[in-house]
There are 2 protein chains.
Amino acid sequence: MEYYKKDSGILLAVDCIIFGFNGESLEVLLIKRDFEPERNKWSLMGGFVQPNESPEESASRVLKKLTGLENVYMEQCSVFGEPKREPNDRVISICYFALIDTQQYKHILSDDYEAKWFPLQQHPTLIFDHEQMIASAQHRLRMKAALYPILFELLPEKFTIPQIAALYEGVYNIELDKRNFSRKLLSSGLIIKLQEKDKENSKKGAFYFKLNTAIYKEKIMSFLRYLPSWGLET
Amino acid sequence: MEYYKKDSGILLAVDCIIFGFNGESLEVLLIKRDFEPERNKWSLMGGFVQPNESPEESASRVLKKLTGLENVYMEQCSVFGEPKREPNDRVISICYFALIDTQQYKHILSDDYEAKWFPLQQHPTLIFDHEQMIASAQHRLRMKAALYPILFELLPEKFTIPQIAALYEGVYNIELDKRNFSRKLLSSGLIIKLQEKDKENSKKGAFYFKLNTAIYKEKIMSFLRYLPSWGLET
DNA sequence: TCAAAAGTGTTGGCATTACACCCATGC
DNA sequence: GCATGGGTGTAATGCCAACACTTTTGA
């Protein structure tokens, strides 16, 4: 039988794995920690859950403090709670990943932190178990993105198909046939062609598209439809 | 800037969503709570995270206390932490779901608890947010099972194809064409035919199979292979 | 002999793949 | 005019849903 007991001595934190896409590659936002222990080492942005807020609110608060952004796509991923994961205190941390469009918001990073975007594959060594946190968030991002088109959260208002392709290539670390990818995407009804072209990245220029939000929401919401196919490829 | 602070007043718990399969339908194991608040109401089995254990260990401990089982497939799902989710204390709960084969272990439920298996769709009203916990666990189970063949964890050593089909039908709440399902499964290489037949459930009898553990582990482990198809159906 | 469940054969259609080829443009 | 990346056409492939049909057996 189990009794309630006060003051477990356990502290509850959140850490944010902030994924960004700059139009070319997938990045993660890290900060240089400005307090002990491990001061001046790179880490994820985090904070403690306050008595009057839910963990989701904590994560949003932490994200806003660093980036100024609100209403960002965030999702709970795993909890890290090994007794010795931090040296001085018993801290259990709930991880959230966030998806943001780097281009659009690069400027509003808070000056209070030394924050920097790193390519997902080549970031500096991180404190504690923060590397595992990123790995687990990436895994969950892949799982989720395989079933729902959430990666569109990482794109700006208007985007080109080659950009989306690059995004998927970054997330899954693969190479896609852009020609087939493009067709598949168009036939999904998820995107709407605009008149304008992006001429920055090629001579011919690629048409901009915007998200068909009605279809997007429908697909994001259709929780119940997936059926097993068991990754039968190799 | 964020400082460490002791004694947040937050208690950390785990709750276990224990899924079972009896060969016919999918069930969830609930207990009648024997302490206040909400004594004598149905709830998930839970417990508090102790200072010297990880949340995973807590969940395993809790599961073992109720069922006697160790080395059961368990997986973290979401965290529930709304400030007012329990009336008296601020308790944040990490949910784990477990998959077990009901048939094999029905007898070893601990007598210390009034525990009972309920069909997943028709369980009694539960305390606090435990209904949501089950819903979220089921969602995660579906997601996971769409990408990996984890549902085999719910099956006994030897099983028939109609049983697996019933299991998938229960998890996704759909009807399958057993004929096509059977073929798909056979061609996956995941199962090995035995000589023996199960004659309990049909006149003709269905062959027993066992899991091809080598291929199973490979498929469970292949984290990186899934690719988007965006649920383009409907 | 009939009903009921297990399982096989066969089909057409659809999605994915691979790749040839055309397009638009800046240099 | 030619290299470059964007994009379309098209054929081959493989998978999968649909369903007719066979098998096995208990009652």
Side-chain angles (χ1 to χ4, degrees), chain A residues 23-25 145-147 149 155 158-170 172 174-210 215 219 225-234, chain B residues 23-25 146-147 149 155 158-170 172 174-210 219 225-234:
Chain A
E24 286 189 353
S25 65
L147 298 169
L155 293 167
K158 56 183 190 182
F159 47 79
T160 67
I161 293 184
Q163 274 172 18
I164 312 179
L167 175 53
Y168 273 88
E169 292 185 329
Y172 290 99
I174 46 162
E175 269 210 54
L176 292 171
D177 183 316
K178 319 295 183 298
R179 298 163 291 186
N180 289 331
F181 182 82
S182 153
R183 227 181 329 230
K184 181 171 175 178
L185 198 48
L186 283 169
S187 71
S188 75
L190 268 169
I191 58 176
I192 298 167
K193 194 176 198 163
L194 304 178
Q195 289 314 307
E196 201 182 347
K197 268 190 171 182
D198 161 38
K199 315 271 282 185
E200 304 253 309
N201 296 297
S202 75
K203 293 161 186 169
K204 180 174 177 184
F207 277 107
Y208 279 115
F209 290 80
K210 67 175 183 181
I215 293 193
K219 289 189 192 298
R225 282 254 140 240
Y226 24 81
L227 269 178
S229 68
W230 298 316
L232 299 183
E233 355 66 51
T234 324
Chain B
E24 286 188 353
S25 65
L147 298 169
L155 294 168
K158 55 182 192 184
F159 46 80
T160 67
I161 293 183
Q163 273 172 18
I164 313 179
L167 175 53
Y168 274 88
E169 291 185 331
Y172 290 100
I174 47 163
E175 269 210 55
L176 291 171
D177 183 315
K178 320 296 183 297
R179 300 163 290 187
N180 291 329
F181 183 82
S182 155
R183 228 183 327 234
K184 182 170 174 176
L185 198 47
L186 284 167
S187 72
S188 74
L190 268 169
I191 59 177
I192 299 168
K193 194 177 198 164
L194 304 177
Q195 288 314 307
E196 201 181 348
K197 268 189 171 183
D198 162 38
K199 314 271 283 186
E200 305 253 310
N201 297 297
S202 77
K203 294 161 185 170
K204 180 174 176 183
F207 277 107
Y208 279 115
F209 290 80
K210 66 175 183 181
K219 290 190 191 298
R225 284 250 141 241
Y226 25 81
L227 269 179
S229 68
W230 299 315
L232 299 183
E233 355 68 50
T234 322

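Per chain, numbering begins at 1; letters A, B, ... match sequence-line order.
- The distance from atom NZ of A:K178 to atom C1' of C:dC19 is 14 Å, rounded to the nearest whole Å.
- Side chains of B:E169 and B:K178 form a contact here, defined as non-hydrogen atoms less than 4.5 Å apart.
- One interatomic measurement links the two molecules: CG of B:L176 to P of C:dA6, which rounds to 13 Å at whole-angstrom precision.
- Applying the 4.0 Å criterion to OP1 and OP2 of C:dT25, one finds that A:K199 has a side-chain N or O inside that range.
- Where A:N201 and A:R183 each meet DNA chain D at their nearest nucleotide, the meeting point lying more 5' is that of A:N201.
- Projected onto DNA chain C by closest heavy-atom contact, A:N180 and A:S202 fall at different nucleotides, the more 5' of which corresponds to A:N180.
- One interatomic measurement links the two molecules: CG of B:L185 to C1' of D:dC15, which rounds to 16 Å at whole-angstrom precision.
- Distance A:I161 CD1 to C:dC23 C1': 15 Å, rounded to the nearest Å.
- Among C:dG7, C:dA24, D:dT8, the nucleotide with an atom closest to any side-chain atom of A:K197 is C:dA24.
- Using a 4.5 Å heavy-atom cutoff, the side chains of A:I192 and A:F209 are not in contact.
- As a whole-Å value, the separation of B:F207 CZ from C:dA6 C1' is 10 Å.
- Summarising the geometry, the separation between CD1 on A:I174 and P on C:dT16 is reported as 14 Å, rounded to the nearest angstrom.
- In terms of position on DNA chain D, the residue among A:K204 and A:L186 whose nearest nucleotide sits closer to the 5' end is A:K204.
- Residue B:K203 places no side-chain atom within donor-acceptor reach of the base of D:dT24, judged by atom type and a 3.5 Å distance cut-off alone.
- Position along DNA chain C of the nearest nucleotide to A:D177 versus A:G205 favours A:D177 as the more 5'-ward residue.
- The closest side-chain heavy-atom distance from B:F181 to B:I164 is below 4.5 Å.
- Taking atom OH of A:Y168 as the reference point, atom P of C:dT16 lies 13 Å away to the nearest angstrom.
- Between the C1' atom of D:dA18 and the CZ atom of B:F181 lies a distance of 17 Å, rounded to the nearest Å.
- The closest side-chain heavy-atom distance from A:I161 to A:I191 is below 4.5 Å.
- For A:P162, whose side chain is taken as the heavy atoms from C-beta onward, the closest listed nucleotide among C:dA6, D:dG7, D:dC19 is D:dG7.
- For A:R179 against D:dG9, no side-chain N or O and base N or O form a donor-acceptor pair under 3.5 Å.
- For A:Y168 (side chain) and A:E175 (main-chain N/O), no donor-acceptor pair under 3.5 Å exists by modelled atom type.
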